[in-house]
Amino acid sequence: MLRPVALGGVLLLAVTAALAAPVPVLEFEAPAELAAVAARLERIEPYRLEAAMRLAGMITPGPPVRVVLAPEGSPAADAAPPWVSGYAYGALGRVVLLPERTPRYPDSSLEELLVHEVSHVLVARASAGRPVPRWFNEGLAMLAGSSWNLEDRARLTLVLLRRAELPLAEVERMFAGGPLEVTRAYAVAGALMRYLVQRYGRRAPARILDGLAAGLEFDEAFFRATGSELERALEAFWRRHSFWYRWFPILSSSATLWLVVLAVAAAAYQRKRRRAAALEEAWELEETHLPPPDAPQPPPN
């Protein structure tokens with residue numbers, strides 16, 4: 001848009017709007033009782049969707065994404081386990097949200113859940129519909145939907161307290177398990193994706209998806225995008241996290257601090273006992289060398 005601006009009596013033409021990056025168009029479908037929820041989600045900040053596009057490496061978002069808000073008892077709700085509050089059909093460009101269910105980890109709000117599920121659609125488009133490992137897909141959606149916070153760290157710590165590391169095949173299997181296993185899989189996938197972006201750059205996921213779209217297998221696409229074999233990257237990831245997420249929280253926890261305090265107190269008590277015993281032994285030794293009470297006393301000088 002151009003508008004006139006007066007500057008020092010001189011009429012200038014100033015460009016007042018920057019070119020905005022396109023974001024996915026969301027088309028909402030909701031029953032009357034969920035219309036207010038749909039209206040709220042329609043006002044989601046465009047930059048949140050733009051971040052998901054950048055991670056997937058998309059310049060244009062493609063066709064509109066259909067967002068279905070389904071009430072409990074509907075076929076869409078019955079198709080999902082009771083702990084699931086949203087899911088996506090990436091190839092169809094369709095997202096289903098269940099607003100009457102409380103969003104579970106890794107999403108803490110409907111807005112985060114919406115970005116998370118739209119990210120799956122973008123991943124499907126960026127990879128040209130080619131198979132994408134679940135851990136990669138979910139990790140990227142987590143990175144787009146929310147920031148890495150204390151809850152993520154705590155959940156990863158709980159995973160690492162049980163196992164030093166998890167093979168990716170097991171993480172994939174956990175995503176098909178119950179709510180506890182799925183939560184653990186999310187914690188690992190989110191941490192791994194965050195690590196990969198820190199190590200290889202924020203464009204790394206997009207380059208991997210480009211490779212998939214070109215027909216490469218995932219391991220080859222990963223190698224060409226990062227210059228590292230996936231197995232080597234995983235080894236580095238587990239080495240980095242084994243101390244900071246397995247041992248440091250234990251060493252710095254309040255329980256550990258209390259154990260340290262008790263240990264110090266016990267050591268001090270033992271030292272005090274030893275000093276008291278040594279003093280008592282010295283008194284006994286001194287008493288054995290005293291003359292008997294009726295012994296003659298030496299004359300005074």
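Positions are given from 1 along the sequence.
When every heavy atom of Ser85 is checked against every heavy atom of Arg104, the shortest pair comes out as OG-N, 4.0 Å. Closest of all the heavy-atom pairs between Tyr195 and Ala233 is CE2-O, 3.8 Å. Gly177 approaches Glu181 most closely through the heavy-atom pair CA-OE1, 3.5 Å. For Asp78 against Gly73, the heavy-atom pair with the smallest separation is OD2-O, 3.5 Å. What you find for Met193 and Pro205 is that their closest heavy atoms are SD-CG, 4.0 Å. The minimum heavy-atom distance between Ala80 and Tyr87, with the atom names listed, is CB-CE2, 3.7 Å.
The CZ atom of Arg40 lies 5.0 Å from the CG atom of Leu110; values are rounded to the nearest 0.5 Å. Summarising the geometry, atom CG belonging to Leu192 is positioned 7.5 Å from atom CH2 belonging to Trp238; distances are rounded to the nearest 0.5 Å. The distance from atom CG of Leu160 to atom CZ of Arg184, rounded to the nearest 0.5 Å, is 11.5 Å. Atom CG of Leu166 is separated from atom CE of Met174 by 5.5 Å, given to the nearest 0.5 angstrom.
With hydrogens and angles ignored, the 3.5 Å screen pairs no side-chain donor or acceptor of Arg134 with any backbone N or O of Ala176. Using a distance-only test at 3.5 Å, with no hydrogens or angles considered, a donor-acceptor pair links the side chain of Arg130 to the main chain of Leu216. Arg101 contributes a side-chain N or O that, together with a main-chain N or O of Ala77, makes up a donor-acceptor pair within less than 3.5 Å. No donor-acceptor pair closer than 3.5 Å links the side chain of Ser74 to the backbone N or O of Ala70.
Put simply, the side chain of His120 reaches to within 4.5 Å of the side chain of Glu138, judged on heavy atoms. Within the 4.5 Å cutoff, no side-chain heavy atoms of Leu196 are placed close to those of Thr226. Taking the side chain as every heavy atom from C-beta outward, Leu230 and Leu168 approach each other to under 4.5 Å. Between Arg203 and Asp210 there is a side-chain heavy-atom pair separated by less than 4.5 Å. Val37 places none of its side-chain heavy atoms less than 4.5 Å from the side chain of Leu97. At least one side-chain heavy atom of Ser228 sits under 4.5 Å from a side-chain heavy atom of Tyr200. Within the 4.5 Å cutoff, the side chain of Val65 has no heavy atoms near those of the Arg94 side chain. You'll find the side chain of Glu112 stays beyond 4.5 Å of the side chain of Pro103, heavy atoms only.
Cluster annotation: Val182 is not connected to Val96 through the hydrophobic network of ILVMFWY side chains, with a link wherever side-chain heavy atoms come within less than 4.5 Å. Following chains of ILVMFWY side-chain contacts shorter than 4.5 Å, one cannot reach Val68 starting from Leu49, and the two form parts of different hydrophobic clusters. Hydrophobic clustering of Ile, Leu, Val, Met, Phe, Trp and Tyr side chains at less than 4.5 Å, counting indirect connections, keeps Phe223 apart from Leu212. Phe218 and Val188 fall within the same hydrophobic cluster, defined by Ile, Leu, Val, Met, Phe, Trp and Tyr side-chain heavy atoms under 4.5 Å apart, directly or through other members. Leu34 and Leu98 fall into different hydrophobic clusters, where Ile, Leu, Val, Met, Phe, Trp and Tyr are joined by side-chain heavy atoms under 4.5 Å apart, directly or via other members.
Around the CD atom of Glu72, the shell of radius 6.0 Å holds more than 12 heavy atoms that belong to other residues, nucleotides or ligands.
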* Asked: Can you list the steps and then say if Met142 with His116 is a side-chain contact (heavy atoms from CB on, under 4.5 Å)?
  -> CA-CA 6 Å; Met142 288 178 67; His116 185 117; 4.0 Å; yes

* Take Arg202 and Leu55 through the side-chain contact (heavy atoms from CB on, under 4.5 Å) test and state the conclusion after the steps. => CA-CA 7 Å; Arg202 202 165 179 83; Leu55 281 171; 3.9 Å; yes

* Before giving the answer on side-chain contact (heavy atoms from CB on, under 4.5 Å), spell out for Leu114 and Asp107 the whole-Å C-alpha distance, their side-chain angles and the decisive distance to 0.1 Å. => CA-CA 9 Å; Leu114 175 61; Asp107 305 299; over 6 Å; no

* Under the side-chain contact (heavy atoms from CB on, under 4.5 Å) rule, what do Met53 and Leu122 come out as? Steps first, then yes or no, please. => CA-CA 7 Å; Met53 280 189 60; Leu122 298 177; 3.8 Å; yes

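In this structure, Trp135 has its ring center at least 6.0 angstrom away from the ring center of Phe222.
Of the candidates Val197, Ile208, Val123, Leu140 forms a side chain to side chain contact (heavy atoms under 4.5 Å, CB included) with just one, namely Val123.
Using a 4.0 Å cut-off between charged side-chain N and carboxylate O, Arg173 and Glu170 make a salt bridge. A salt bridge is absent between Arg48 and Glu111: the closest approach of a Lys/Arg side-chain nitrogen to an acidic carboxylate oxygen does not fall below 4.0 angstrom.
Cation-pi check for Arg155 over Tyr105 is met; the charged atom lies under 6.0 angstrom from the ring centroid and within 45 degrees of its normal.
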